[in-house]
Number of protein chains: 2
Amino acid sequence: MKKQKKKPALKGLGDGLKRTPQRLAILDFLDGNTSHPSAEQVYKAVSKKYQSMSFATVYNTLHALTKAGSLKELGIDPDRRRYDPNTATHHHFICLKCKRIVDVMDEIRIALPKSAVKECSVVDSHVEFFGYCAACKKKAKS
Amino acid sequence: MKKQKKKPALKGLGDGLKRTPQRLAILDFLDGNTSHPSAEQVYKAVSKKYQSMSFATVYNTLHALTKAGSLKELGIDPDRRRYDPNTATHHHFICLKCKRIVDVMDEIRIALPKSAVKECSVVDSHVEFFGYCAACKKKAKS
DNA sequence: TCATGATTTGGAATGATTATATGTTAAAAA
DNA sequence: TTTTTAACATATAATCATTCCAAATCATGA
Ligand SMILES: [Mn+2]
Ligand SMILES: [Mn+2]
Ligand SMILES: [Zn+2]
Ligand SMILES: [Zn+2]
């Protein structure tokens with residue numbers, strides 16, 4: 001029987017990156033994760049399984065993965081950087097109350113404004129939706 | 001003759017905020033400013049004219065103005081908060097090279113995806129375009 | 001003018017991230 | 001397998017943006 005393994009949303013370590021247990025642990029936590037965790041959340045989660053994990057290693061690995069193109073740094077949260085293993089172009093809904101960040105995978109056709117295209121070259125775009133998530137909406141009705 | 005005054009892009013101090021020289025100086029710098037300055041840039045600019053300006057006051061004022069709805073905090077730059085006196089819904093182009101943030105005032109019709117509307121209530125949205133600005137594009141061709 | 005609560009200020013505190021120095025190890029060569 | 005070594009992990013210090021704090025000052029209304 002093949003070792004069970006869910007479809008990896010994460011590309012994995014790139015190029016000549018060493019396959020260290022720390023990196024594999026971080027990679028495993030990130031794989032398929034849609035919570036857009038911060039460095040601290042990664043650290044906390046991975047520390048449990050892999051005691052002796054250093055905070056610096058988390059940052060190092062997050063940077064390495066980002067450079068390798070297996071991870072995206074999100075600037076959404078002004079307070080701390082968040083990471084997204086889903087590197088395909090997609091968008092996000094941010095709850096103004098609980099700060100949860102939810103994927104919006106729907107393809108959004110953005111009519112690139114002429115003014116932007118005229119002189120600049122647009123490589124990518126990202127839509128942020130702000131509002132109140134289902135849970136917070138429900139609470140407000142109490 | 002009426003006191004000459006350019007059309008204010010900035011709403012001004014809200015409610016019961018005292019009209020202090022510091023706040024007026026910051027307000028004056030921000031008025032019509034489209035550079036999306038950071039707190040430090042505000043501090044540097046205003047310090048010149050208003051010596052003795054404190055960094056804490058800049059933060060206090062930026063917060064007060066934000067709460068009053070005369071200013072918007074931008075989460076675009078992961079390294080530091082940036083402020084936008086233009087509180088009308090508009091979008092931004094971010095140059096991946098020089099990090100410049102340029103307004104995209106064109107109205108963009110975003111087809112709100114069903115999945116987002118279903119359970120959540122969307123209050124606002126913001127599009128970030130990433131690419132290379134005219135100046136950086138030109139440089140690259142050298 | 002006076003009283004007073006709001007505001008300013010400098011400096012200390014915090015929290016996220018980065019840098020450094022040193023011991024460790026994955027991986028490739030022998 | 002053993003050797004070799006650049007890459008890596010770790011602890012800790014340093015940095016940088018932002019917030020907090022307590023004391024001094026000030027704007028505004030009575
Ligand atoms: Mn995402
Ligand atoms: Mn703007
Ligand atoms: Zn919520
Ligand atoms: Zn540029």
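Because the structure is predicted, anything quoted here is derived from the model rather than measured.
Atom-to-atom, OH of A/Tyr50 to P of D/dA9 comes out at 8 Å; the value is rounded to the nearest Å. Going from atom CG of A/Asp79 over to atom P of D/dT19 covers 8 Å, rounded to whole Å. Between A/Arg19 atom CZ and C/dA28 atom C1' there is a gap of 15 Å when expressed in whole angstrom units. At whole-Å resolution of the value, OH in B/Tyr59 and P in D/dT18 are 3 Å apart. One interatomic measurement links the two molecules: CD of A/Glu73 to C1' of C/dA16, which rounds to 13 Å at whole-angstrom precision. In this structure, the NZ atom of B/Lys18 is 11 Å from the C1' atom of C/dA3, given to the nearest Å. Taking atom CZ of residue A/Arg82 and atom P of nucleotide C/dG15, one finds them 17 Å apart after rounding to whole Å. Rounded to an integer number of Å, the gap from A/Gln41 CD to C/dG15 P is 16 Å.
Of all non-hydrogen atoms in B/Phe93 and A/Cys120, the two that sit nearest each other are CZ-CB, 3.5 Å. Among all heavy-atom pairs drawn from B/Asp106 and B/His91, the shortest one is O-CD2, 3.9 Å.
Nucleic acid contact class of A/Pro78 (heavy atoms, under 4.0 Å, all strands): none.
The side-chain hydrogen bond (donor to acceptor under 3.5 Å, both in side chains) test with B/His36 is passed by exactly one of B/His92, B/Arg82, B/Lys72: B/His92.
Ion pair A/Asp79/B/Arg81 flagged as a salt bridge, since at least one NZ, NE, NH1 or NH2 atom sits closer than 4.0 Å to an Asp/Glu carboxylate oxygen.
Note on A/Thr20: a side-chain N or O is less than 4.0 Å away from OP1 or OP2 of D/dA9. Contact check, A/His63 against C/dT17: no side-chain N or O comes under 4.0 Å of OP1 or OP2. Phosphate contact (OP1/OP2 of C/dT9, side-chain N/O of B/Gln22, threshold under 4.0 Å): present. For D/dT10, the OP1/OP2 oxygens have a side-chain nitrogen or oxygen of A/Thr57 closer than 4.0 Å. Regarding contacts with the backbone of C/dT18, a side-chain N or O of A/Arg81 is found under 4.0 angstrom from either OP1 or OP2. In this structure, A/Ser38 does not reach the C/dA16 phosphate: none of its side-chain N or O atoms is under 4.0 Å from OP1 or OP2. Listed pair A/Arg23 / D/dC8 meets the phosphate criterion, a side-chain N or O lying under 4.0 Å from OP1 or OP2.
Two residues, A/Ser52 and B/Ala39, neighbour DNA chain D, and the one matched to the more 5' nucleotide by heavy-atom proximity is A/Ser52.
Of the candidates D/dA11, D/dC20, C/dA16, the closest approach to any side-chain atom of B/Ala56 belongs to D/dC20. In this structure, of C/dT7, C/dT8, D/dC8, it is C/dT7 that holds the atom nearest to the side chain of B/Leu17.
In summary, the side chains of B/His90 and B/Asp84 do present a donor paired with an acceptor at a separation below 3.5 Å, with no hydrogens or angles considered.
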